[in-house]
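Below: one structure, written as structure tokens.
Chain letters run A, B, ... following the sequence lines, proteins first and then strands; every chain starts at 1. Here the structure is a predicted model, which means the values were calculated and not measured.
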There are 2 protein chains.
Amino acid sequence: MRNSLADVVAAALRVLGEHGLEFCSMRRVAAELGVQPSALYHHVPDKQTLLALMADEIVRGVGIGIGDPRRLCVDLRRALLAVRDGADVVATAAAFRLGASEIEDRLAALVGADGARTLLLYTFGHAQSTQTRLQALAFGVLADPAPSASPTPLGATVSPGSPADAEAELDASYGRGLDIILAGLRASSALGTMEDSGLR
Amino acid sequence: MRNSLADVVAAALRVLGEHGLEFCSMRRVAAELGVQPSALYHHVPDKQTLLALMADEIVRGVGIGIGDPRRLCVDLRRALLAVRDGADVVATAAAFRLGASEIEDRLAALVGADGARTLLLYTFGHAQSTQTRLQALAFGVLADPAPSASPTPLGATVSPGSPADAEAELDASYGRGLDIILAGLRASSALGTMEDSGLR
DNA sequence: ACCTGAACACCGTTCAAGT
DNA sequence: ACCTGAACACCGTTCAAGT
């Protein structure tokens with residue numbers, strides 16, 4: 001045997017990390033393996049399936065042994081941001097396989113199905129926004145050298161300041177939104193609407 | 001003159017509605033106008049810009065004269081779901097132009113910047129999930145004729161039941177998540193953390 | 001089991017040239 | 001101002017054939 005399915009997924013993640021989702025084509029993954037494009041179809045039925053396997057790998061081991069919903073979300077976000085365009089890959093795959101994820105089940109056990117869904121969608125959306133924004137910043141697309149009437153970016157309450165601490169502000173922004181949702185879950189469970197658990 | 005920018009955007013929205021985002025290529029939009037692909041580049045610098053203009057059109061007029069954050073979100077969701085793949089188009093464009101949207105500004109005036117961001121990301125994410133899911137249902141991909149150990153779909157607390165009322169359950173699912181976030185905003189503003197307004 | 005080689009039906013974008 | 005025609009450098013996927 002020459003390449004296994006795991007080799008293909010690993011190569012795809014390498015291409016993703018080095019070139020981004022836009023250039024993570026079947027042909028480039030094949031080239032990364034030193035193989036013809038058609039060879040990939042021996043391991044995987046189509047590109048969508050390969051992306052789903054990559055998503056599984058990206059979130060593998062997230063929140064193991066974490067019983068606190070807030071820390072679980074923060075850990076998921078960390079995993080999404082750890083690889084280039086990771087949030088996009090996982091969010092797209094999750095849109096098809098929603099409910100099939102282990103993370104959602106664990107979150108649902110802590111805060112209920114509605115709370116889990118709300119937390120996950122928020123976490124995916126914010127992580128996607130974060131990666132898009134940081135990448136644009138790195139490319140200088142959002143250089144914004146006119147500090148006069150700059151529109152307030154989503155997630156930044158004040159002006160972005162130096163490019164380096166934009167990430168810190170995005171982290172804080174995520175945390176504040178997370179706290180809003182968790183406060184809402186506490187309020188709802190206090191009203192007896194939800195199964196109350198894990199919200200101390 | 002033969003075609004205006006507005007004609008191009010209108011044609012693109014027609015292609016989107018009839019064939020979906022996957023097949024909404026520059027070449028197909030050109031064919032819809034009876035024109036060569038290269039002709040589009042007289043009106044628009046690239047495809048990304050065209051998608052952004054389509055997004056603007058999809059959300060145009062959303063929440064006009066609506067002072068209640070909940071109704072504003074519901075109205076936005078209605079607009080996203082009104083056109084095929086509308087949530088995808090708007091969410092992708094919004095990821096680049098976050099904060100530049102009028103809707104976000106209006107929402108921010110009602111519930112603060114953090115609340116606005118949280119509500120928007122949740123609304124985009126849930127609408128994307130809804131459209132993906134309903135389309136898969138229509139194609140029979142999620143036919144799921146084995147009612148035994150079916151995994152619980154994200155957004156469905158119970159089994160999907162008949163295909164027709166899946167949409168109603170998704171609407172209700174969206175509403176419950178929305179109420180969680182709004183309850184969190186009320187709790188936070190009661191703590192004096194947020195500027196309190198519009199949350200009665 | 002894993003891969004090659006060749007093909008099919010597409011993409012986005014550029015650019016000289018036409019009217 | 002708006003468009004054509006032709007080209008460039010790509011896509012995902014299929015399929016017979018090789019080892």
Practice prompt. Determine, for E169(B) against R176(B), whether the closest basic-nitrogen to carboxylate-oxygen distance falls under 4.0 angstrom.
Written response: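 Between R176(B) and E169(B) there is a salt bridge, with a charged N closer than 4.0 Å to a carboxylate O.
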Discussion item. Contact list please: residues 48-58 of chain B against DNA chain C, heavy atoms, distance less than 4.0 Å, in numerical order.
Written reply: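 Contacting residues: none.
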Discussion item. With a 4.0 Å cutoff (strictly under), does any side-chain N or O of H43(B) reach OP1 or OP2 of dA1(D)?
Written reply: no
Item to complete: For Q36(B) and for P37(A), find the nucleotide of DNA chain D with the closest heavy atom, then tell me which residue's nucleotide is more 5'.
Response: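 Upstream on the strand: Q36(B).
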Worksheet, complete the sentence: Taking dC3(D), dT14(C), dC15(D) as options, the one with an atom nearest any side-chain atom of S38(A) is dC15(D)
Fill in: Nearest-neighbour nucleotide for the H42(A) side chain, dC3(C), dT4(D), dC2(C) considered
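Taking heavy atoms from C-beta onward, the closest nucleotide is dC2(C).
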Contact list (N/O, under 3.5 angstrom) for nucleotides 10-12 of chain C vs protein:
{"unit_1": "dC11(C)", "atom_1": "OP1", "unit_2": "S25(B)", "atom_2": "OG", "d": "3.0"}
{"unit_1": "dG12(C)", "atom_1": "OP1", "unit_2": "M26(B)", "atom_2": "N", "d": "3.1"}
{"unit_1": "dG12(C)", "atom_1": "OP1", "unit_2": "K47(B)", "atom_2": "NZ", "d": "2.9"}
{"unit_1": "dG12(C)", "atom_1": "OP2", "unit_2": "M26(B)", "atom_2": "N", "d": "3.0"}
{"unit_1": "dG12(C)", "atom_1": "OP2", "unit_2": "R27(B)", "atom_2": "N", "d": "3.4"}
{"unit_1": "dG12(C)", "atom_1": "N7", "unit_2": "R27(B)", "atom_2": "NH1", "d": "2.5"}
{"unit_1": "dG12(C)", "atom_1": "O6", "unit_2": "R27(B)", "atom_2": "NH1", "d": "2.9"}

Discussion item. Dot-bracket for DNA chain D, please. Rules: Watson-Crick or G-U, both distances under 3.5 Å, ( ) within the strand, [ ] when a pair crosses earlier ones, | for another strand, . otherwise.
Written reply: ||.|||||...|||||.||
Residues that [X] engages under salt bridge (charged side-chain N to carboxylate O under 4.0 Å, His left out), provided they are two or more places apart:
| X | result |
| --- | --- |
| D7(A) | none |
| R78(B) | D75(B) |
| R14(A) | E32(A) |
| R27(B) | none |

Practice prompt. Determine the Euclidean distance between corresponding P atoms of dC10(C) and dA9(D); express it in Å to zero decimal places.
Written response: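 Taking atom P in both dA9(D) and dC10(C), they lie 22 Å apart.
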Worksheet item: Do any N or O atoms from the side chain of R106(A) and from the backbone of G63(A) form a donor-acceptor pair under 3.5 angstrom?
Response: yes
Item to complete: Scan for side-chain hydrogen bond (donor to acceptor under 3.5 Å, both in side chains) pairs involving residues 36-45 of chain B, sequence neighbours excluded, and state none if there are none.
Response: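 Passing the test, one end in residues 36-45 of chain B: no pairs.
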Discussion item. Holding to side chain to side chain donor-acceptor pair (under 3.5 Å), I want the full list of residues that pass it with E57(B), two or more places apart in sequence or in another chain.
Written reply: R60(B)
Worksheet item: Which residues satisfy the side-chain contact (heavy atoms from CB on, under 4.5 Å) test with A79(A), sequence neighbours excluded?
Response: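 So A79(A) forms a side-chain contact (heavy atoms from CB on, under 4.5 Å) with V62(A).
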Response to the item:
A55(A) meets the side-chain contact (heavy atoms from CB on, under 4.5 Å) criterion, sequence neighbours left out, with V89(A), V90(A), A93(A)
Fill in: Distance, rounded to the nearest Å, where L5(B) contributes CG and dC2(D) contributes P
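So the CG-P distance, L5(B) to dC2(D), works out to 10 Å.
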Item to complete: For residues 167-187 of chain A, pull every pair meeting ring pair (Phe, Tyr, Trp, His ring centres under 6.0 Å), keeping only residues two or more places apart or in separate chains.
Response: Y122(A)-Y174(A), H126(A)-Y174(A)
